[in-house]
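Heads up, the thing below is written out as structure tokens.
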There are 2 protein chains.
Amino acid sequence: MTTAPASQFDAIAALEDAGLRITGQRRQVVAAIDRKDAGFTAEALASELDGVGRATVYRTLKLLVEADVICKLALPDGTPMYSPSRVEHHHHSVCTSCGAVEEFRDSTVERVLRSLNREIEGEIIGHRMEVFIRCRACLISTDE
Amino acid sequence: MTTAPASQFDAIAALEDAGLRITGQRRQVVAAIDRKDAGFTAEALASELDGVGRATVYRTLKLLVEADVICKLALPDGTPMYSPSRVEHHHHSVCTSCGAVEEFRDSTVERVLRSLNREIEGEIIGHRMEVFIRCRACLISTDE
DNA sequence: GTAGTTATTGAGATTCAGTATCAATTGAGA
DNA sequence: TCTCAATTGATACTGAATCTCAATAACTAC
Ligand SMILES: [Mn+2]
Ligand SMILES: [Mn+2]
Ligand SMILES: [Zn+2]
Ligand SMILES: [Zn+2]
């Protein structure tokens, strides 16, 4: 038994909690994201939602990132990707072949930061960590 | 006594080793980078080098990244930054106020990856870690 | 040193992601 | 239902990065 996936209602509630209006377009964006099972780009999402303007898709993605409903991450070449966020504080592994995103918590990461706190001059205000993988499915499909 | 800074000759040698021609423009780019004491953007470098075309600056930066002479990293908002690379394998702390970049080695980071190797389905092919800080100088200059 | 080959260059066009504008629309509370 | 600020979308715009291609210059061989 694994963690229950975030439903689209959580996302809508998060937008409401932020004092935002629940519009048809925002529902469409949330519903489309809910169908995703891998990372996706803003542009892909936009062209898949014919009823919703491009600018609105970008605006909504930004709102959802701010509301911690989705995460914005990046491939090795910098291409921005989005993925639903299902775990409180976490990092990501991204399959560079198929875009599959896994979230992971690892206390060791936090230990790194604590150790840096001593080494580094100044105040730590944030961090980013992404692990790039070739997922099992992709390893198999390339014939071993 | 700290590690000797990489000189511009190392960079030139790296380009030679890659079988590339040593041109006046590439010397200018390398020399300008050598003067930097913080992270910089490609565009800033380009507009500072009047004698060198913009496209050439971008091309040279890419070559230097491939040659491990400089590192390409990113601010929290995704803005690409470059910085000279002086340590073998490392990660970065970036001051989001002044752009100062520190490189650090931390064996704990590598330990994180080893632990992930067990958790994660698939093969790890790379990773990225950036720590965002407010450096001591910036903390002070903002009046505590 | 000269000549030949070919990598490199620069100006400008082009692409692409993302943002700004602003008049028209609409959600949500009163 | 009424009201009005929030939201939307078409489109223009920005800025980073890449592409094109004729002109140039770095290396190599002689
Ligand atoms: Mn996430
Ligand atoms: Mn570096
Ligand atoms: Zn995969
Ligand atoms: Zn600073």
Side-chain angles (χ1 to χ4, degrees), chain A residues 8-9 11-33 39-67 69-83 99, chain B residues 8-9 11-33 39-67 69-83 99:
Chain A
Q8 59 186 274
F9 299 123
I12 297 297
L15 293 178
E16 276 175 345
D17 291 352
L20 298 164
R21 292 185 179 173
I22 306 308
T23 68
Q25 290 89 335
R26 287 176 180 168
R27 283 184 199 284
Q28 285 185 68
V29 170
V30 166
I33 292 174
F40 58 92
T41 65
E43 212 58 32
L45 191 66
S47 63
E48 154 185 351
L49 289 172
D50 286 322
V52 185
R54 217 169 59 95
T56 298
V57 170
Y58 276 95
R59 284 189 285 237
T60 305
L61 284 174
K62 182 176 282 186
L63 292 174
L64 291 173
V65 169
E66 284 161 6
V69 170
I70 62 176
C71 295
K72 184 176 185 178
L73 44 126
L75 296 184
D77 70 355
T79 307
M81 300 269 298
Y82 295 86
S83 96
Chain B
Q8 59 187 272
F9 298 123
I12 297 296
L15 293 178
E16 275 176 345
D17 290 353
L20 299 165
R21 293 185 178 171
I22 306 309
T23 68
Q25 290 90 336
R26 286 176 180 166
R27 283 184 198 284
Q28 286 186 67
V29 170
V30 166
I33 292 173
F40 58 93
T41 65
E43 213 57 32
L45 190 66
S47 62
E48 152 185 352
L49 288 173
D50 286 322
V52 186
R54 219 167 56 93
T56 299
V57 171
Y58 278 95
R59 284 188 286 237
T60 305
L61 285 174
K62 181 174 282 185
L63 293 174
L64 292 173
V65 169
E66 284 161 6
V69 171
I70 62 176
C71 295
K72 185 177 184 177
L73 44 126
L75 296 185
D77 71 355
T79 307
M81 299 269 297
Y82 295 86
S83 96

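If you check every strand for non-hydrogen atoms under 4.0 Å, A:G51 touches sugar and phosphate atoms only.
Between the OH atom of A:Y58 and the C1' atom of D:dC13 there is a distance of 15 Å, rounded to whole Å. Rounded to an integer number of Å, the gap from CG of A:L20 to C1' of C:dT26 is 15 Å. Atom-to-atom, OH of A:Y82 to P of C:dA17 comes out at 12 Å; the value is rounded to the nearest Å. Between the CD atom of B:E43 and the C1' atom of D:dG15 there is a distance of 8 Å, given to the nearest Å. Atom-to-atom, CD of B:Q28 to P of C:dG10 comes out at 9 Å; the value is rounded to the nearest Å. The separation between A:M81 atom CE and C:dG18 atom P is 12 Å, rounded to whole Å. What separates CG of A:L49 from C1' of D:dT8 is a distance of 14 Å, to the nearest Å. Look at CD on B:E16: it is 10 Å from P on D:dT28, rounded to the nearest Å.
Judged by Watson-Crick or G-U wobble contacts below 3.5 Å, the nucleotide D:dC30 has C:dG1 as its partner.
Summarising the geometry, atom OH belonging to B:Y82 is positioned 8.5 Å from atom NZ belonging to B:K62; distances are rounded to the nearest 0.5 Å. Here the CD-CG distance, from A:E66 to A:L15, works out to 10.5 Å after rounding to the nearest 0.5 Å.
The residue among B:R59 and B:R21 whose nearest nucleotide of DNA chain D lies closer to the 5′ end is B:R59. Between B:R54 and A:V52, the one whose closest nucleotide on DNA chain D sits nearer the 5' end is A:V52.
At least one side-chain heavy atom of A:I33 sits under 4.5 Å from a side-chain heavy atom of A:L61.
With A:I70 as the partner, the side chain to side chain contact (heavy atoms under 4.5 Å, CB included) test is satisfied by one option alone out of A:L63, A:L64, A:V29: A:L64.
Not one side-chain nitrogen or oxygen of B:Q25 sits closer than 4.0 Å to the OP1 or OP2 atom of C:dT8. OP1 or OP2 of C:dT19 sits under 4.0 Å from a side-chain N or O of A:K62. Contact check, B:T41 against D:dA16: no side-chain N or O comes under 4.0 Å of OP1 or OP2. When the side-chain nitrogen and oxygen atoms of B:T56 are compared with OP1 and OP2 of C:dG10, one or more of them lie within a distance under 4.0 Å.
For the pair B:R26 (side chain) and B:T60 (backbone), a donor-acceptor distance under 3.5 Å is absent.
Nearest nucleotide to the B:A55 side chain, out of D:dA10, D:dT8, C:dG12: C:dG12.
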